[in-house]
Every structure is written in C-alpha cells, then in structure tokens.
There are 2 protein chains.
Amino acid sequence: MEQPRWLDSGEMAAWNAFLEASHRVSRRVERQLRDQQGLSHPQYEILVRLAEAPEREIRMTELAELLVTSKSGITYQVGKLESAGLVRRRSCSGDERGVFAVLTDEGMDKLRGAAPGHVEIVRSSLIDLLSPEQLDALGDALGTVARRLDPRD
Amino acid sequence: MEQPRWLDSGEMAAWNAFLEASHRVSRRVERQLRDQQGLSHPQYEILVRLAEAPEREIRMTELAELLVTSKSGITYQVGKLESAGLVRRRSCSGDERGVFAVLTDEGMDKLRGAAPGHVEIVRSSLIDLLSPEQLDALGDALGTVARRLDPRD
DNA sequence: AGTAATTTGTTCGAATTTGAACAAGTAAGG
DNA sequence: CCTTACTTGTTCAAATTCGAACAAATTACT
C-alpha cells in the first residue's frame with residue numbers, strides 16, 4: 001500500500017480544466033448538431049470518417065476504434081444512419097463476418113450541409129478562444145495524450 | 001450565407017486530439033471507478049465537491065453547474081448516492097424549494113477509499129504523460145476555454 | 001398588496017451507451 | 001485435417017443522459 005502521489009495545485013487545475021472544458025465543449029457541439037441538423041455527434045463523426053475514407057466505406061470495428069467507442073454503440077448509430085438513408089451496409093467479400101458502413105450520396109449531402117455550422121461551433125467553442133500559441137500547445141499536449149493511450153485502452 | 005472559415009491542418013489536429021483525448025481519458029477514468037469502487041464518475045465528482053464545500057453540502061442546482069450537467073442528471077445521481085448512504089438530502093431553510101445534498105460520514109469514508117486509485121488513473125491517463133511545460137500549457141489553454149464558455153453555455 | 005416572471009427540483013419518456021453473451025466465421029499450430 | 005483460439009458484428013438488459021413539462025416557491029415590479 002503505497003502513499004499516493006497527490007496532485008499539486010497546478011496539476012489539479014489542469015485536471016479540472018480538462019474536465020470542465022471537455023464537458024462544456026461537448027455539450028455545445030452536441031446541442032448545435034442536434035438542433036440544427038438532427039444528428040448526434042457520434043453520427044456526425046461517422047459521416048466525416050466515411051467521407052474521408054477510400055471508397056467512402058469503413059468496417060464496423062474500425063469505426064468503433066476511430067470514434068473511441070464500443071462496437072455495440074457503432075451498431076446502434078450506424079443503424080440510425082441507415083434508417084435515415086445516410087449510410088448503407090455492405091457485407092465484406094473475403095471475410096464473411098465483416099460489414100462495411102458505406103456513405104450514401106444522401107449522406108454526403110447531409111454532411112456538406114452540416115459541416116459549416118459544425119465548424120462554426122467548433123471555432124466558437126475552442127479554436128477561436130485561444131491564441132495560435134495556445135492552440136499549438138494544446139494540440140501538442142493532447143496529441144501526446146491521445147497517442148500514448150492508444151494501445152492499452 | 002457566408003463562406004465558412006474551415007479549419008487548417010493545425011486546427012484540425014488540435015480538434016481531433018481534443019476529441020480523442022477526451023474520450024480515451026474519460027473511458028479509463030470511468031472504468032477504474034466502476035470496477036474498483038462501484039462509482040460512476042459523476043458520482044465521484046459529487047462526493048469530491050461536497051467534501052470540499054462548507055458544511056459538506058451543496059444545493060442541487062449548484063451541483064449541476066459545477067459538474068456541467070443537467071439538473072435531472074443530478075437528481076438521478078444524488079438519488080443513487082442517497083440509496084447507497086453516501087449522501088443525504090436536507091431541505092433548505094429559508095427557501096422552501098431548495099434542497100441540499102449533504103455528504104455523510106460514510107460518503108466521506110467512501111471518498112477517502114476511492115481517492116488514491118482515482119489519482120493514480122488520472123496520473124497515468126493524463127498528468128504523467130506530459131512534461132511539466134506541456135501540462136502547464138494544457139492547463140492554461142483549457143482553463144481559458146472553460147472560463148470563456150462559462151456564462152453562455 | 002397583487003400579478004407576472006423567474007427559479008428550484010422532480011418526474012417522465014425517449015434516446016443513447018455500455019458490457020456480457022452469443023453465433024458465425026477465420027486463423028494458427030500441430 | 002482439425003481442434004483451439006481469436007475476431008466480427010449483433011442482440012440484449014441495465015444504467016444513464018437529456019430536455020420538456022410541471023408544481024411549488026420566490027422575486028420583481030407596479
């Protein structure tokens with residue numbers, strides 16, 4: 001039973017800022033997408049990833065890893081997007097288990113329509129609040145965190 | 001209809017790192033608390049805030065603001081904590097509508113038991129991954145974000 | 001005082017998330 | 001070949017979240 005290394009005041013401030021900023025930003029982004037586009041943030045992220053992907057398609061499990069969420073969560077959200085006609089499923093030739101989520105033309109249109117409002121809220125919630133130096137440092141620090149937490153979830 | 005100011009590659013990298021880091025850290029913290037303490041992260045945060053507060057009590061609405069969550073969410077989580085005996089409710093003299101959540105001795109003990117494991121995961125998920133300079137810059141940037149998003153949610 | 005506007009906490013239903021369990025398919029090693 | 005181990009995506013139940021609606025209480029204003 002070791003003595004825990006408690007956080008000093010600077011570390012505590014960083015941790016609290018991390019939590020508060022995450023929640024505030026996330027609430028704003030989710031609300032904007034919901035109110036103006038009828039999309040959840042995970043749904044929007046799925047559309048973005050698919051639009052960037054070769055053939056506009058990605059395997060279900062890879063989607064879960066990209067969005068840092070559960071496989072069942074992806075099944076649920078892709079199901080929603082499929083009902084809305086924004087995505088379709090395609091079974092994977094060569095691996096009978098596999099399923100690709102594929103962006104439809106409608107999905108691409110939806111994404112194009114949603115992107116400007118999304119960028120705007122991302123700017124007003126994070127990017128434009130910081131000086132270029134601050135933003136740079138933020139990207140560096142969080143990039144390090146994201147990278148180092150990758151394998152051993 | 002203005003031309004949106006798209007994100008440049010640095011801004012995009014910062015935004016993606018923000019999203020990925022938030023999700024990864026949050027999942028680790030939640031899993032640790034759930035597995036080792038049977039607490040959700042919101043529940044743990046409620047205990048922390050109460051422990052720091054004068055008289056170890058805070059009004060429901062203020063708790064919602066502190067945790068950046070909905071009032072109904074607080075009702076739900078305080079209800080859970082109350083069932084577990086970690087918190088009790090006290091009606092507010094002077095304002096008949098008001099309700100204080102009060103930390104019980106049991107709740108304080110629970111928090112003391114949970115804190116070391118929590119600090120450990122916070123360190124291994126964020127604090128200890130960064131140099132002192134990086135952490136400082138992170139605190140500065142996210143502190144700015146949190147502060148500037150405060151009023152106009 | 002008296003009426004309108006605001007605040008407080010809860011309830012409710014709908015949406016979402018998670019992990020465990022599962023069936024089906026694939027890969028690895030003898 | 002063949003048995004064992006892993007991978008894939010879905011289903012399911014349980015837990016959680018949110019916002020809208022609400023009743024009760026307080027505040028602001030005339």
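A note on names: the letters A, B, ... follow the listed sequences, proteins ahead of strands, and every chain is numbered from 1. Hydrogens, waters and symmetry mates are skipped; everything else that's a heavy atom, side chains included, is used.
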### Task
Figure out the CG/C1' separation between A:L33 and D:dC18, and round it to whole Å.
16 Å

#### Entry: Closest listed nucleotide, where the reference is the side chain of B:P42 and the choices are D:dT17, C:dT16, D:dG9
D:dT17

### Query
Is there a side-chain contact between B:P116 and A:W6, using heavy atoms and a 4.5 Å cut-off?
yes

### Task
Measure from CZ on B:F100 to C1' on C:dT10 and round the result to the nearest Å.
18 Å

#### Entry: A:L81 side, atom CG; A:S40 side, atom OG - distance, nearest 0.5 Å
7.0 Å

#### Entry: Euclidean distance, atom CZ of residue A:R89 to atom P of D:dT8 [Å, nearest integer]
16 Å

### Query
What is the distance, rounded to the nearest whole Å, between atom CD of A:Q32 and atom P of D:dC18?
18 Å

### Task
Give a yes or no on this: more than 12 heavy atoms of other residues, nucleotides or ligands lie within 6.0 Å of atom CG of A:D8.
yes

### Query
What is the nucleic acid contact for A:G73, judged by heavy atoms within less than 4.0 Å: base, sugar-phosphate only, or nothing?
base

### Pair A:L63-A:Q77, side-chain contact (heavy atoms from CB on, under 4.5 Å): steps then yes or no
CA-CA 11 Å; A:L63 226 27; A:Q77 291 296 358; over 6 Å; no

## Note on the structure
The nucleotide from C:dG19, D:dG9, D:dA15 with an atom nearest the side chain of B:R31 is C:dG19

### Task
Please determine, for the side chain of B:K80, which listed nucleotide (D:dT16, D:dC18, C:dT18) has the closest atom?
D:dT16

### Query
Are B:W15 and A:V25 side-chain neighbours, meaning at least one heavy-atom pair lies under 4.5 Å?
yes

### Message
Counting primed atoms plus P, OP1 and OP2 as sugar-phosphate and everything else as base, spell out the protein contacts along nucleotides 21-27 of chain D at 4.0 Å heavy-atom distance: B, S or - for each nucleotide, 5' to 3'.
### Response
---BBS-

### Query
Between A:E62 and A:R49, is the closest basic N to carboxylate O distance under 4.0 Å?
no

### Message
How many whole angstroms separate atom CD1 of B:I46 from atom P of D:dT17?
### Response
9 Å

## Note on the structure
B:Y44 OH to D:dT16 P, in whole Å, measures 18 Å

Collect all protein-nucleotide pairs involving nucleotides 3-5 of chain D in which both atoms are nitrogen or oxygen and the distance is under 3.5 Å.
none

### Task
Tell me whether the OP1 or OP2 atom of D:dG19 has a side-chain N or O from A:R27 closer than 4.0 Å.
yes

## Note on the structure
Separation of C:dG9 atom P from B:I58 atom CD1, nearest Å, is 12 Å

#### Entry: Nucleotide nearest A:Y76 when distance is taken to its side chain, options C:dG19, C:dA15, D:dT10
C:dA15

### Query
Is the shortest side-chain N/O distance from B:Q77 to OP1 or OP2 of D:dA15 below 4.0 Å?
no

### Message
Looking at B:S72, I'd like to know whether one of its side-chain N or O atoms comes within less than 4.0 Å of OP1 or OP2 on C:dG9.
### Response
no

#### Entry: Contact under 4.0 Å: B:R90 side-chain N or O vs C:dG9 OP1/OP2
no

### Message
What is the separation between atom CZ on B:R59 and atom C1' on C:dT10, rounded to the nearest whole Å?
### Response
14 Å

#### Entry: Candidate list B:L111, B:T104, B:L103, test side-chain contact (heavy atoms from CB on, under 4.5 Å), partner B:L50, passing option
B:L103

### Task
Report yes if the side chains of B:L138 and A:L138 come closer than 4.5 Å at any heavy-atom pair, otherwise no.
yes

#### Entry: Short side-chain N/O contact to C:dT16 OP1/OP2 from A:R34, under 4.0 Å
yes

### Query
Are A:D109 and A:R112 ion-paired here, with the side-chain N under 4.0 Å from a carboxylate O?
yes

### Task
May I ask you to test the B:V48-B:H118 pair for a side-chain heavy-atom distance under 4.5 Å?
no

